[in-house]
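Everything below concerns the one structure shown next.
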2 protein chains.
Amino acid sequence: MIRVLLAEDQGMVRGALATLLGLEEDIEVVGEAADGEEALVVAERTRPDVALLDIEMPRRNGIDTAAELRRTLPDCRVIILTTFGRPGYLRSAMEAGASAFLVKDSPARELAAAIRRVLAGERVIDPALAAAALSAGPNPLSPREREALTAAADGSTIGDVARKLHLSEGTVRNYLSAAIRKTGARNRIEAVRAAQRQGWL
Amino acid sequence: MIRVLLAEDQGMVRGALATLLGLEEDIEVVGEAADGEEALVVAERTRPDVALLDIEMPRRNGIDTAAELRRTLPDCRVIILTTFGRPGYLRSAMEAGASAFLVKDSPARELAAAIRRVLAGERVIDPALAAAALSAGPNPLSPREREALTAAADGSTIGDVARKLHLSEGTVRNYLSAAIRKTGARNRIEAVRAAQRQGWL
DNA sequence: GATCGGTGATGACAAAAGTCATCGCGAACC
DNA sequence: GGTTCGCGATGACTTTTGTCATCACCGATC
């Protein structure tokens, strides 16, 4: 039996996926978690063969959780399961040590198939997405530029961002200006959206 | 047997939910659709007792689809199943004739329960969400203000929006200014986010 | 018939955002 | 030792955004 841990914040989706996997005769869902922190705790206790992690989760995201899991349970394979097939997400997932990257758009039967292939030592990645991730190149934003852009994403003014990051307003303006230039955007809103589309935030 | 149509754009979630419902001995999934348009076509052919509609779908959203379905198949009950429990969504869903409003956060077993209750003539709505929808009041934005805000949401400049809506730049500025005031925001970004949070766009 | 709200527009003005050159500091790299 | 890059800051400047008063037209409503 393949022992699976399932981490996904939407209860209905988590329940449905658990049911789906439970129907496979060689798969057993040994743990469920509604966020990344919980996933780590449950993984420690249940020692799964593979962890299915959503990226967008409260408290600790799936990428972070994957990296931590690789440290604490090196024998546990990680499959990232996400709504958005963003190039930067795929890159981060691979750097965090994930064995597979699935988008929720794909058919349900691919999930069990991916689990079996990962356990057999394979890596499972959509070729088109891999190409997009490689052609897009790495994240060009510096850490501070990323922070400034993230802090500005909710409509905060330059003054707000400066206070949040303990910087002068001029410095924040410079970082945002650089982020706008690097993303090829015309203003901060476009820059935020472009960066999010690439998975750079 | 209760005949169910399931419309949800994410293949994996759709497949898992279909499997989940198929396990219930009194429920039968007679049709699946990946968007609103497809849902209408499949509903016409399969004549379900109840249609489960996601809101965020390509081509035609779940609210629109619900309203159209109430016209073409008045005997078919509609259940809205959504990621976001936004007050405005609930309001729109009810106005479109939905019998139930479920968020994907809730446990999986509530889905089958809601289907049975709806078929028994009940309405199923989270009381806390209903209270939020009522206390939030109706959408204060005029149609043009909503259009201007929506058009500006992707980082378009005032000039872009003016061209899109065939208006003068001054008029667009006025609409955005009004939208900012009505949402209690400090700029257009906050206004967009506030309006989205309320389900006003 | 008056009032009100939505639509569309203009002009003037203030505030915020964005650009650019320039500086100093420290760490990494060849 | 020189170069490069990220970080942090300042000042000057332009452009964009947001506010406000005011106008006109239309349709609904009382």
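Predicted, not measured: the structure shown is a model, and the values here were computed from it. Sequence lines set the chain letters: A, B, ... in the order given, protein chains first and strands last, and positions in each chain run from 1. What's counted below: heavy atoms across the whole structure, side chains too, no hydrogens, waters or symmetry copies.
- Inter-residue side-chain proximity for A/D160 and A/R163 is flagged as met; some heavy-atom pair is nearer than 4.5 Å.
- Remark on DNA chain D: of its neighbouring residues A/L167 and A/K182, the 5'-side contact belongs to A/K182, judged by nearest-heavy-atom nucleotide.
- Atom pair B/E147:CD and C/dG8:C1' shows a separation of 13 Å (rounding to whole Å applied).
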Protein-to-nucleotide contact annotation, 5' to 3' order, nucleotides 23-30 of chain C [B base; S sugar-phosphate only; - none; under 4.0 Å, heavy atom]:
--------
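- A donor-acceptor contact shorter than 3.5 Å is absent between the side chain of B/E145 and the backbone of B/L141.
- End-to-end axis angle of the helix from C/dG1-D/dC30 to C/dC30-D/dG1, using five pairs per end and rounding to 10°, comes to 30°.
- In this structure a side-chain-to-backbone donor-acceptor pair under 3.5 Å is missing from A/R91 to A/A130.
- B/R77 places no side-chain N or O within 3.5 Å of a backbone atom of B/L52 that could act as its donor or acceptor partner.
- Taking 4.0 Å as the cut-off between side-chain N and carboxylate O, A/R14 and A/E32 count as a salt-bridged pair.
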Protein-nucleotides 18-20 of chain C N/O pairs under 3.5 Å:
unit_1, atom_1, unit_2, atom_2, d
C/dG18, OP1, A/R188, N, 2.8
C/dG18, OP2, A/R188, NE, 2.6
C/dG18, OP2, A/R188, NH2, 2.9
C/dT19, OP2, A/S177, OG, 2.6
C/dC20, N4, A/N174, OD1, 3.0

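- Among the heavy atoms of the strands lying under 4.0 Å from A/T171 is at least one base atom, whether or not backbone atoms are also near.
- Between the side chain of B/N139 and the main chain of B/W200, a donor-acceptor pair closer than 3.5 Å is present.
- The salt bridge (Lys or Arg N to Asp or Glu O under 4.0 Å) contacts involving residues 93-110 of chain A comprise A/E8-A/K104, A/D54-A/K104, where partners must be two or more places apart or lie in separate chains.
- The side-chain heavy atoms of A/L17 and B/M12, taken from C-beta on, include a pair separated by under 4.5 Å.
- At least one donor-acceptor pair closer than 3.5 Å links the side chain of B/N187 to the backbone N or O of B/E190.
- B/N61 places no side-chain N or O within 3.5 Å of a backbone atom of B/I55 that could act as its donor or acceptor partner.
- Listed by chain and number, the residues in a side chain to side chain donor-acceptor pair (under 3.5 Å) with A/R86 are A/Y89 (sequence neighbours excluded).
- Under the 3.5 Å distance criterion, the side-chain polar atoms of A/S177 are left unmatched by any main-chain donor or acceptor of A/R173.
- Taking a heavy-atom distance under 4.0 Å as the criterion, the stretch of DNA chain D touched by chain B extends 5' to 3' from D/dT17 to D/dC20.
- For the pair A/R3 (side chain) and A/T46 (backbone), a donor-acceptor distance under 3.5 Å is present.
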